[in-house]
2 protein chains.
Amino acid sequence: MSAKLATMGRPAVRTLSDLARIAGVSAGTVSRALAGNSLVNTETRERIVALAREHGFRPNQMASSLRRQKTDVIGIAIPLGHDQRQQISDTFFMTLLGHLADALTERGYDLRLRRVIPERDADWLDRFIGSGMIDGILVIGQSDQFDRIEAVADGYLPMVVWGNYSEGQRHCVVGSDNRLGGRLAAERLIAGGARHIYFLGDTSAVEFAARYAGAAEAAERMGVAITPLMSHLSSDRLEAEVAANLDRDFVTGDAIFAATDSIAMACLARLKANGIVVPDQMPVLGFDDLPLASQTSPPLTTIRQDIRAGAFAMVDLLVRRLAGEVTESVVMPPRLIVRGTA
Amino acid sequence: MSAKLATMGRPAVRTLSDLARIAGVSAGTVSRALAGNSLVNTETRERIVALAREHGFRPNQMASSLRRQKTDVIGIAIPLGHDQRQQISDTFFMTLLGHLADALTERGYDLRLRRVIPERDADWLDRFIGSGMIDGILVIGQSDQFDRIEAVADGYLPMVVWGNYSEGQRHCVVGSDNRLGGRLAAERLIAGGARHIYFLGDTSAVEFAARYAGAAEAAERMGVAITPLMSHLSSDRLEAEVAANLDRDFVTGDAIFAATDSIAMACLARLKANGIVVPDQMPVLGFDDLPLASQTSPPLTTIRQDIRAGAFAMVDLLVRRLAGEVTESVVMPPRLIVRGTA
DNA sequence: ATGAAAGCGCTAACAA
DNA sequence: TTGTTAGCGCTTTCAT
């Protein structure tokens, strides 16, 4: 009977008052009892809790949130500005999201996920923040929205962003030192004999721009040419672009630095299809060190970002900001992982 | 000035009444104006909308939801029962989640994501449903929670589950015909000469159990041996388990059917490390056809599930159920994709 | 230790 | 066309 009631979509006892009536007390008392609140008679509390279980009563979180002005929900925004057709299903973002979910769940927060396309909704960030639905926000990737994020940073403390740190910026960001990563990549390729590096990625996204900048700096210093070639992240476009860029006739470069592992893997596949041997004829170097990077053939040489550590850092900073603390950005050092492709 | 206000965390104008006072009308009128509601004087409406923009006013969604008894949020529950340490970051789930996010966003819904560990919270499903925070729920994977899901199915219409369909079940599920997929896999391996198939996966999850059952059925019919070997999905355990299972001394099987592509890729890596040539010495066949499956070396032969179509089907069914329709389950036919590993 | 009552910010039925 | 009013279900003073 009770089990049956407990499994109904709309049990008869839906509100505090319902339960209060049954228990012969006031709604206030029920509220306190269910909250484990200090000064309720132990006996009454137990009785109320038992009744609540028996009738499958669940307090309405909406009402509770409204009253307490606290939702226990963290918003996750994924701006898809620099690549409209990029799906949320991008592997790196998804991996980061997974770890964020783990970290937030551990702290008792739910996630409210929103994919935003800034071109269609210029007001996306203010809207999300001001909606009253979330206690704080994590932004995954700056995309091309750096200025908009900067604009709200001063007025809204509980926001942490995954992305690139620029000297003097005001929003709290967690991310790798992309410039350094780019430099490490270029140096590795150049040490292997490269004289003309292709950079495959979309430099209108700040993170990728920084990776390119770091590589370009190293290349220039060492008298090596470097050419950026546009590569989006959406898998449908990616394959065509990589193909267009790498088909034999066009190849004048002698090494590839891919802005992400996904792009690098697409290169590997295309080069193999074209009969070009990696790394002998064409070294390839990625960025991210996704779990699958070690399982390509040859296994991918890449620049590692510690995604899990990054996710936990974001949540840690956010929690401190929720408590009123003004936190600094965290820039994580990337690491060259040498495997078989460069 | 207005721009400045619009970017503040707490603008001075926070409630309908605030705005109403400024506009010299009642809160009700403001509410109607902002909702684009029919019968407001066009002129007043435009004036109110302008004021709202100017002051960066955002209606509180919590209050609106409470009042309307509608949240425009869909809950996504990911039960991690059969493998507690499996992170939400499992590639297949993440891909599915990405597509769900795309499909739900298109329909104007936000996602509320919750990772649940049934052992720690037996009440997870009722709690989520009864919380008043969500209009409907999508459950990603039945894990070992089949019975619990069945228990609520009759009392709560707007629920759609990704998973395996069993004859006569009551909850609405979308998923592949896992049994058929298993059969296709086994038949392919047997056609290639296999006499003893290893199945790598965790058969306590119904979907994987069905894959195994399909394969076992085919194997038995054709007089071939089949052995299930436990493989979890969390990457830390996976590699150790695959290693333990595949290291040379233990190998008596002559073909591998992996319950997922992730497991298959781990096998590929381990076999290569052990100097075993795929597919000549050991064919390997996966399940899912993740984007990366075509980029392993050799490219992975696998059973394809159309994840994107599945996600859109789930959302479509959910929307219909939200409208009161009782929908049937959708079982999608898997397809053998022959590449280089089997 | 408990009850009564106010109100979180919004929407919608009813009046005007 | 607009204003008034009564809640949505909960939490939290303030009384008792």
Side-chain angles (χ1 to χ4, degrees), chain A residues 9-49 51-52 55-73 127 129-135, chain B residues 9-49 51-52 55-73 127 129-135:
Chain A
R10 302 253 166 228
V13 180
R14 297 185 323 100
T15 73
L16 280 185
S17 320
D18 290 344
L19 194 57
R21 199 170 352 90
I22 293 179
V25 295
S26 76
T29 302
V30 175
S31 173
R32 284 181 280 245
L34 262 33
N37 199 297
S38 41
L39 311 179
V40 189
N41 188 340
T42 318
E43 188 191 329
T44 10
R45 185 180 55 230
E46 282 167 2
R47 196 161 51 80
I48 291 172
V49 170
L51 280 170
H55 292 89
F57 170 71
R58 331 252 157 222
N60 183 309
Q61 296 296 337
M62 237 55 210
S64 172
S65 296
L66 178 59
R67 176 60 228 240
R68 290 184 304 126
Q69 299 290 83
K70 184 167 186 320
T71 63
D72 296 320
V73 176
R127 274 251 304 278
I129 289 173
S131 64
M133 309 176 307
I134 55 177
D135 292 344
Chain B
R10 301 253 166 227
V13 180
R14 298 184 323 100
T15 72
L16 279 185
S17 320
D18 290 343
L19 194 57
R21 197 168 355 88
I22 293 178
V25 295
S26 76
T29 302
V30 175
S31 173
R32 284 181 282 244
L34 263 33
N37 199 298
S38 41
L39 312 178
V40 189
N41 187 340
T42 318
E43 188 192 328
T44 13
R45 184 179 58 228
E46 282 167 2
R47 196 162 50 80
I48 290 172
V49 170
L51 280 170
H55 292 88
F57 169 71
R58 331 255 155 218
N60 184 310
Q61 295 296 337
M62 236 57 209
S64 171
S65 296
L66 178 59
R67 175 61 229 240
R68 292 185 302 127
Q69 298 291 87
K70 184 165 186 320
T71 62
D72 297 320
V73 176
R127 274 251 303 277
I129 289 173
S131 64
M133 309 177 305
I134 55 177
D135 292 344

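Given the structure is predicted, the values throughout are model-derived calculations rather than measurements. No hydrogens, no waters, no symmetry mates; every other heavy atom, side chains included, goes into these values. In what follows, chains carry the letters A, B, and so on, assigned in the order in which the sequence lines appear, proteins first and then strands, with residues in each chain numbered from 1.
Sequence order on DNA chain D of the closest nucleotides to Gly24(B) and Leu66(A) puts Gly24(B) first from the 5' end.
Here the shortest heavy-atom pairing between Val40(A) and Ala33(A) reads CG2-N, 4.0 Å. The minimum heavy-atom distance between Ala20(A) and Ala27(A), with the atom names listed, is CB-N, 3.6 Å.
Using a 4.0 Å cut-off, some side-chain N or O of Thr44(B) falls inside it from OP1 or OP2 of dT2(D). Look at Gln61(B) and you won't find any side-chain N or O under 4.0 angstrom from OP1 or OP2 of dG9(C). Between Thr15(B) and dG9(C) there is no side-chain N or O to OP1 or OP2 distance below 4.0 Å.
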Nucleotide-resolved protein contact map, nucleotides 11-16 of chain D, B/S/- at heavy-atom distance under 4.0 Å: BBB---
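For the atom pair CZ of Arg32(A) and OG1 of Thr29(A), the computed distance is 5.0 Å after rounding to the nearest 0.5 Å. The OG atom of Ser64(A) lies 10.5 Å from the CE atom of Met133(B); values are rounded to the nearest 0.5 Å. Rounded to the nearest 0.5 Å, atoms CZ (Arg47(A)) and CZ (Arg45(A)) are 13.0 Å apart.
Where the helix from dA1(C)-dT16(D) to dA16(C)-dT1(D) starts and where it ends, the local axes point in directions that differ by 40°; five pairs per end, rounded to 10°.
Gln69(A) places its CD atom 10 Å from the P atom of dC10(C), with the value rounded to the nearest Å. Atom P of nucleotide dT2(C) and atom CG of Leu34(A) are separated by 14 Å, given to the nearest angstrom. Taking atom CZ on Arg21(B) and atom C1' on dT4(D), their separation rounds to 17 Å, with Å as the unit. Across the protein-nucleic acid pair, Lys70(B) atom NZ and dA12(C) atom P stand 12 Å apart, rounded to whole Å.
Residues meeting the side chain to side chain contact (heavy atoms under 4.5 Å, CB included) test with Thr71(A), sequence neighbours left out: Ser65(A), Val73(A), Asp135(A), Met62(B).
Two residues are said to be in side-chain contact when any heavy atoms from C-beta on lie closer than 4.5 Å; Leu19(A) and Leu16(A) fail this criterion. Between Leu34(B) and Ile48(B) the shortest side-chain heavy-atom distance falls below 4.5 Å. Using a 4.5 Å cut-off on side-chain heavy atoms (C-beta onward), Asn60(B) and Thr15(B) make no contact.
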